[in-house]
Student: 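Below is one structure. I have some questions about it.
All chains are named by letter (A, B, ...) in the order of the sequence lines, taking the proteins before the strands, and each is independently numbered beginning at 1.
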Amino acid sequence: MDKFDIKKIKEDFPILSQKVNGKRLAYLDSGATTHRPNQVLDAMVEYNKVSNGNPHRGAHQLSIRATQEYDAAKVKVKEFINAKEIEEIIFTRNTTESLNLIARSYGELINKGDEILIAITEHHSNILPWQRVAREKDAVLKYMYLDDNGRINKKEIEEKISSKTKIVSIAHMSNVLGTIHPLEEIIEYSHKMGAIVVVDGAQSIPHMKVDVQKLDADFYVFSAHKMLGPMGIGVLYGKRELLEEMPPYLLGGDMIEYVTEQDATYAPIPFKFEAGTQNVEAAVGLRAAIEYLENLGMDKIKAHEMHLMEYALDKILSIPYVNIQGPKDLESKGGIISFTIDDVHPHDTATILDSYGVAIRSGHHCAQPLMKYLGLPATSRASFYLYNTEEDVDQFIDGIKNVREWLGYGP
Amino acid sequence: MDLNSIYTQLIMEHSKSGHNKRPLENPDISERGHNPSCGDDITLEIKIQDNIIEEAAYTGVGCAISQASASIMIDLIKGKSVDEALDIVDTFLSMIKKEISDEEELEILEDSIVFQNISNMPARVKCAVLAWHTLKEAVKSS
């Protein structure tokens, strides 16, 4: 039997079968957050009913079970991204917290005049923490820009990364344009020049197989809620030697070795970076989400999304008043279509599509420097995931064809 | 949600006409207002003489709701005293927050009553109130 049975998959997501505004729901906002299948919801309920306790703290059965559940989630994440060691996996709240942790902590190792390099396509969470490091350390924050095809090319990489560059921080896939950046090239060249590379994998890891060792990424971070898991848990993968060198981020319980009145020594990684009671329930959900993805197969998920993208792009490119932002072909592009409609502000587009049951995102997508670079105040974004269907795309296209008329423009 | 109650004829006309969308020469007050979460960004310019709003106009970018709201507000406040204008702004904001049950109280809002239904669309409330908050700030800071 073909494992990618879209009808059966949709049955796993109860939220998708509801009507909104009296219409069938076409959820095309998985770039913002994804939904959780029954398998994930059930795993979290089961944990709460049977195993809840504070991990790493008690000698009693429930604490032990909670510890086992938490550790099992770590093992699952390690295997999913093929990290070398389990200690290299740190749980945070989300991608934003992971990036802040790295910037705050690894940023301590930055000196005056050092360069930090990011891409113009970055999300604010991969800009602001570096702006602060640059300000506080008197370092220089630089940007890589896009070529005419909306991509970062080799020339730009080799021009911007120099021996002064200490950190390159870049999204694997742009949350606005869907562009998949040439990570292999960037990482290889960065290492050659002596820089480490931080990868924001929030948009990529839900949709493709990622092997952090093969990529040779120094840090790779992502959020559970964009990959069928719950909100409130994120992952920070870092190479052991880097994590060991870094000072802790939050201080408190569960991250110490010895504490005296005036001093403390810290626990080894990963505990050094996991102060306070962790979100075990969410870790259980993340593990179930990864199992769900693995069961379907990342390659099959990608193929399904690419089929939907092809189907959608073909239709949307034939509408004369719709403008696609970013790459218009599928080469190194994920399941995101960012677009504008002539004469219509993206917010109005989103409101009108919502009335047709189509959920998309409109705005600056937490990427104001990119919007400025593109010369746009905002865009609308449709993002696809494994539970979307051709029917969703048809509903989306039908909705788009009605937008201009609502605002009093001809078709 | 009924789109007809949001994208009304009046709102469409104001968002497209642009008759209040231009820079003023030598304004007495120029106030920028924006919604950081969505990027709507307008600059409201006002000329005041003897405490009367003689002229007002706006520039900037935003959705149909925010543009129409700015335009309708400007039509409404022109020729009014600053205090009258502030009273209208407060009444408008109270209407959006559904704090006014007496329909007669809303009469001073004239055309801008058209935004009453926006309160049923939480995602768009901030678009409708942008110009009004900006006017309040403008007068306060002057």
Side-chain angles (χ1 to χ4, degrees), chain A residues 19-23 25 29 32 123-124 127-128 176 325 338 340-381 398-410, chain B residues 1-21 32-43 58-72 96 111 114-131 133-134:
Chain A
K19 290 199 163 181
V20 295
N21 295 319
K23 304 275 167 33
L25 170 63
D29 197 20
H123 188 281
H124 293 161
I127 300 176
L128 273 66
V176 181
Q325 302 300 327
S338 219
T340 54
I341 296 180
D342 286 349
D343 306 316
V344 181
H345 192 279
H347 295 156
D348 296 312
T349 302
T351 294
I352 294 167
L353 287 181
D354 180 50
S355 77
Y356 287 90
V358 181
I360 60 151
R361 168 93 185 264
S362 272
H364 53 59
H365 313 290
C366 300
Q368 285 181 6
L370 173 63
M371 290 292 133
K372 197 163 182 206
Y373 177 72
L374 296 173
L376 296 167
T379 69
S380 296
R381 178 188 74 182
D398 285 347
I400 283 183
K401 288 181 175 165
N402 281 293
V403 167
R404 280 174 54 85
E405 217 172 306
W406 273 108
L407 297 179
Y409 295 97
Chain B
M1 180 195 61
D2 180 12
L3 277 188
N4 283 308
S5 70
I6 303 303
Y7 295 109
T8 64
Q9 192 91 20
L10 185 68
I11 289 179
M12 284 312 101
E13 275 166 15
H14 271 276
S15 83
K16 281 160 77 178
S17 90
H19 70 281
N20 288 323
K21 190 171 181 175
R32 191 170 166 192
H34 80 299
N35 285 326
S37 63
C38 63
D40 285 352
D41 192 337
I42 64 162
T43 299
Y58 78 101
T59 52
V61 291
C63 60
I65 308 287
S66 73
Q67 304 282 291
S69 187
S71 180
I72 291 174
I96 300 288
D111 278 356
V114 73
F115 290 102
Q116 199 167 13
N117 288 316
I118 279 287
S119 28
N120 301 325
M121 293 184 70
R124 303 305 297 276
V125 163
K126 59 185 189 304
C127 315
V129 297
L130 175 62
H133 279 301
T134 308

Student: Counting only non-hydrogen atoms closer than 4.5 Å, can you tell me which residues of residues 367-374 of chain A sit against chain B?
Tutor: A:Gln368
Student: Quick one: list whatever passes side-chain hydrogen bond (donor to acceptor under 3.5 Å, both in side chains) with A:Tyr356, sequence neighbours left out.
Tutor: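 Testing A:Tyr356 for side-chain hydrogen bond (donor to acceptor under 3.5 Å, both in side chains), a comparison that skips the adjacent residues, returns A:Trp406.
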Student: Side chain from CB out, backbone as N, CA, C, O: work out which of these in B:Asn35 comes under 4.5 Å of a heavy atom of chain A, or both, or neither.
Tutor: neither
Student: Check side-chain hydrogen bond (donor to acceptor under 3.5 Å, both in side chains) between B:Lys21 and all other residues, then give those that pass, not counting sequence neighbours.
Tutor: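 B:Gln67.
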Student: Could you list the residues that satisfy side-chain hydrogen bond (donor to acceptor under 3.5 Å, both in side chains) with B:Thr8, not counting sequence neighbours?
Tutor: none
Student: Ignoring hydrogens, what is the shortest heavy-atom contact between A:His345 and A:Ala378? Give both atom names and the distance.
Tutor: CE1-CB, 4.3 Å
Student: If only atom types and distance count, is the side chain of A:Lys23 paired as donor or acceptor with the main-chain N or O of A:Ser355 below 3.5 Å?
Tutor: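 Yes.
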Student: Starting from the C-alpha separation in whole Å, work towards a yes-or-no answer on ring pair (Phe, Tyr, Trp, His ring centres under 6.0 Å) for B:His19 and B:His14.
Tutor: CA-CA 8 Å; B:His19 70 281; B:His14 271 276; 5.3 Å; yes
Student: Can you say whether B:Ala123 sits under 4.5 Å from chain A via the side chain, the backbone, both, or neither, judging by heavy atoms?
Tutor: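 Neither part; nothing is under 4.5 Å.
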Student: I want to check something: taking the side chain as every heavy atom from C-beta on, are A:Tyr409 and A:Val403 in contact at a cut-off of under 4.5 Å?
Tutor: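 Sidechains of A:Val403 and A:Tyr409: no contact.
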